[in-house]
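Below, read A as the first sequence line, B as the second, and so on, with proteins coming before strands; counting in each chain starts at 1.
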Protein chains: 2
Amino acid sequence: MDFAAELKRHVARLEQGLDLHLPAATTRPARLHTAMRYTLAAGGKRLRPVLVLATAELFQSVAANAREPTDPLPAAVAIECLHTYSLIHDDLPCMDNDDLRRGRPTAHKQFDEPTALLAGDALLTHAFALLAEGYAGQPTLAHALIRELADAAGSRRLIGGQMEDLLAEKKSDATAEELEFIHLNKTAAMIEAALVMGGLLGGERPGPTLALLRRAGRHLGLAFQIIDDILDATADTATLGKTAGKDAKADKTTFVKLHGLEASRRFAAELSAAARSALVTLPGDKSFLFALITAMAARSS
Amino acid sequence: MDFAAELKRHVARLEQGLDLHLPAATTRPARLHTAMRYTLAAGGKRLRPVLVLATAELFQSVAANAREPTDPLPAAVAIECLHTYSLIHDDLPCMDNDDLRRGRPTAHKQFDEPTALLAGDALLTHAFALLAEGYAGQPTLAHALIRELADAAGSRRLIGGQMEDLLAEKKSDATAEELEFIHLNKTAAMIEAALVMGGLLGGERPGPTLALLRRAGRHLGLAFQIIDDILDATADTATLGKTAGKDAKADKTTFVKLHGLEASRRFAAELSAAARSALVTLPGDKSFLFALITAMAARSS
């Protein structure tokens with residue numbers, strides 16, 4: 001398995017999907033659709049949609065039945081729309097007030113605040129519309145995918161994590177428990193959902209296999225966020241493609257601040273190993289997923 | 001049929017549903033869930049959820065089959081969550097910058113901007129989660145409801161109307177065509193969806209009956225918005241429960257500015273009549289829906 005080539009294949013497929021499954025930039029109102037596409041097109045790691053595509057392929061490659069495999073692309077695009085909405089809203093002046101994202105001006109800098117707000121709202125809504133449209137012929141699957149995504153993105157998880165993150169920023173003494181709540185929900189929830197949605201698209205129904213995928217996502221998500229904290233403390237803005245050193249400047253509680261760099265690196269490595277362990281009993285060739293977990297742990301941006 | 005008593009019954013049912021189908025205010029993070037409930041609890045006309053409940057009952061009252069009727073309450077709560085998110089985001093400083101809504105401080109005044117932004121995001125997400133959870137036993141129905149709501153709330157309709165409304169505010173010479181695009185999408189889309197979702201809950205499948213409901217919603221929605229424009233020009237803030245006279249102050253293009261008060265009133269009356277006509281061939285006792293249309297045309301707030 002050539003990891004770089006496989007990753008490139010999944011990312012290229014996703015990027016074709018973004019073009020295919022978003023309204024054209026010229027669709028009325030053009031300013032709104034242009035803004036939606038602007039942030040989506042800015043790239044990034046595409047971790048969540050790649051997890052959807054790779055996990056769906058894993059299960060489809062070993063499926064005993066001969067029916068046509070379900071296309072995982074609408075779901076991969078939907079999860080990237082949802083992730084991108086959360087970035088646009090996080091970057092707004094009343095939130096993190098960030099000018100730079102993925103090396104380009106953030107949506108409210110490139111357009112304006114109301115357009116960025118509405119583009120975020122529209123990407124969130126489009127994620128659900130796309131799951132409903134893209135799997136209209138399989139309403140039970142559409143329903144399961146929507147339920148999974150709505151739960152992961154909801155007030156107890158993604159948005160709840162974001163809310164506690166904002167509250168924690170106002171005090172410099174957030175506890176380890178509060179920090180774990182934030183990371184589990186702000187970051188891990190969507191990575192869990194990506195793996196579980198991949199399983200659903202591969203034909204899995206609720207049961208121990210989806211539970212293993214969820215556990216792998218939880219570990220991978222926590223590892224991912226700890227590495228984000230490490231990179232914020234150690235990398236420079238040009239490498240990151242977003243403003244570096246923000247956490248220390250804001251005296252924000254992070255894994256690095258609570259536990260130090262060395263312990264944070266060890267913890268991230270342990271979580272990556274735990275993510276691999278959760279996947280090991282799954283059927284099929286997991287080498288791409290294993291390599292992806294390794295690459296995420298070793299990333300520099 | 002006692003219209004006031006029937007309306008009160010539907011509103012009371014909806015308000016019980018809001019309490020039942022939203023996370024408790026104490027659910028972590030409590031600040032977020034408190035803010036979600038704050039704006040939902042502020043009242044308002046509850047037009048969209050009442051249309052869902054009344055339309056579902058209309059079809060269920062004449063259904064030939066004896067199976068247990070589907071509970072329309074989760075869908076009624078979902079559409080009110082979606083409407084309320086749109087109000088919270090519209091009121092934000094970067095949008096209409098309004099301090100007052102339904103006679104109470106807007107969410108960003110009562111809490112703060114980030115909390116209001118996230119409460120809006122969470123209500124939007126909760127609308128879809130609730131449709132997925134509330135109709136988990138009927139995934140085909142859940143799918144149809146989600147598809148309808150996501151389309152009505154999406155970038156081509158509700159959010160698209162909001163975007164063009166913002167663009168129109170920047171110029172004082174919006175055309176009648178632009179104004180109709182705004183009203184059809186910013187207001188009528190969700191009223192169409194309310195009627196269509198009521199039909200789906202009542203057991204209707206896509207076909208001429210749902211098309212009639214959609215047409216009635218389009219007329220009622222346009223009438224509703226024209227009356228909003230008339231009230232903004234003629235009523236006072238205390239009666240409206242929101243800031244009056246904003247349109248003229250902003251030199252905003254409205255039906256009243258384009259066509260004058262008299263023609264706007266006539267147009268609203270014609271649209272209300274057209275909404276009634278679209279419903280007239282439906283089965284069952286439509287007297288509540290007819291009276292609701294009349295009440296909306298005669299409202300003073």
Side-chain angles (χ1 to χ4, degrees), chain A residues 22-23 27-29 31-33 35-36 82 85-86 89 92-95 108 112-133 135-136 138-144 146-151 153-156 158-164 166-167 181, chain B residues 22-23 27-29 31-33 35-36 82 85-86 89 92-95 108 112-133 135-136 138-144 146-151 153-156 158-164 166-167 181:
Chain A
L22 266 283
T27 303
R28 186 173 182 182
R31 182 178 176 84
L32 177 65
H33 292 104
M36 288 166 74
L82 206 137
Y85 120 77
S86 76
H89 282 190
L92 284 172
C94 75
M95 303 281 285
H108 64 275
D112 54 30
E113 270 187 72
T115 305
L117 173 69
L118 293 176
D121 290 344
L123 286 168
L124 168 54
T125 309
H126 189 64
F128 295 108
L130 190 50
L131 292 174
E133 294 291 333
Y135 303 100
Q138 293 162 271
T140 302
L141 174 64
H143 173 261
I146 289 165
R147 196 175 185 181
E148 179 65 30
L149 189 64
D151 186 60
S155 61
R156 294 179 187 87
L158 174 64
I159 303 172
Q162 180 62 25
M163 182 83 241
E164 291 229 357
L166 283 166
L167 296 172
F181 179 93
Chain B
L22 267 282
T27 303
R28 187 173 180 182
R31 183 179 176 84
L32 177 64
H33 292 104
M36 290 166 74
L82 206 137
Y85 119 78
S86 76
H89 282 190
L92 283 172
C94 75
M95 303 283 285
H108 65 274
D112 54 29
E113 269 188 74
T115 304
L117 174 68
L118 293 176
D121 290 345
L123 286 169
L124 169 54
T125 310
H126 190 63
F128 295 108
L130 189 51
L131 292 174
E133 296 291 334
Y135 303 99
Q138 293 161 270
T140 302
L141 174 64
H143 172 260
I146 290 165
R147 195 174 185 181
E148 179 64 31
L149 189 64
D151 186 59
S155 62
R156 294 181 186 87
L158 174 63
I159 304 172
Q162 180 61 25
M163 182 82 240
E164 291 229 356
L166 282 166
L167 296 171
F181 179 93

Student: What residue, out of A/Leu141, A/Thr125, A/Leu92, A/Leu123, has the most heavy-atom pairs lying under 4.5 Å from chain B?
Tutor: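 Greatest number of close heavy-atom pairs with chain B: A/Thr125.
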
Student: Mind checking whether B/Arg147 and A/Glu133 have side chains closer than 4.5 Å, heavy atoms only?
Tutor: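 Yes - at least one pair of side-chain heavy atoms lies under 4.5 Å apart.
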
Student: If the plane angle is over 60° it's perpendicular, under 30° parallel, otherwise tilted; pick one for A/His89 and B/His89.
Tutor: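 Rings of A/His89 and B/His89: perpendicular, over 60°.
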
Student: Pick whichever of A/Leu131, A/Leu124, A/Leu167, A/Thr140 has the most heavy-atom pairs under 4.5 Å with chain B.
Tutor: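 Top count of heavy-atom pairs under 4.5 Å with chain B: A/Leu124.
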
Student: If we define contacts as heavy-atom pairs under 4.5 Å, which of A/Pro139, A/Ala153, A/Ala142 has the most with chain B?
Tutor: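 Most heavy-atom pairs under 4.5 Å with chain B: A/Pro139.
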
Student: Please classify the contact between B/Leu117 and chain A as side chain, backbone, both or neither, with a heavy-atom cut-off of under 4.5 Å.
Tutor: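 When you check distances to chain A, only side chain atoms of B/Leu117 fall under 4.5 Å.
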
Student: With a 4.5 Å limit on heavy-atom distance, are the side chains of A/Leu32 and B/Gln162 in contact?
Tutor: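 Result no, sub-4.5 Å side-chain heavy-atom pair not found.
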
Student: Among A/Ala136, A/Ala144, A/Gly154, A/Ala129, who wins on heavy-atom pairs under 4.5 Å with chain B?
Tutor: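 Counting heavy-atom pairs under 4.5 Å, the top option is A/Ala136.
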
Student: Pick whichever of A/Ile146, A/Leu149, A/Leu158 has the most heavy-atom pairs under 4.5 Å with chain B.
Tutor: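 If we count pairs closer than 4.5 Å to chain B, A/Ile146 comes out on top.
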
Student: With rounding to the nearest 0.5 Å, note down the distance linking SG in A/Cys94 to CD in A/Glu113.
Tutor: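 Separation between the atoms: 7.0 Å.
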
Student: Where does B/Tyr85 contact chain A at under 4.5 Å (heavy atoms): side chain, backbone, both or neither?
Tutor: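 It is the side chain, since no backbone atom gets that close.
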
Student: Distance from A/Ile159 atom CD1 to B/Met36 atom CE, nearest 0.5 Å?
Tutor: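 Nearest 0.5 Å value for the CD1-CE distance: 7.5 Å.
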
Student: What option among A/Thr115, A/Leu166, A/Leu130 has the most heavy-atom pairs under 4.5 Å with chain B?
Tutor: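 Most heavy-atom pairs under 4.5 Å with chain B: A/Thr115.
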
Student: Is A/His33 reaching over with its side chain to a backbone N or O of A/Pro23, donor-acceptor style, under 3.5 angstrom?
Tutor: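 Answer holds: no.
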
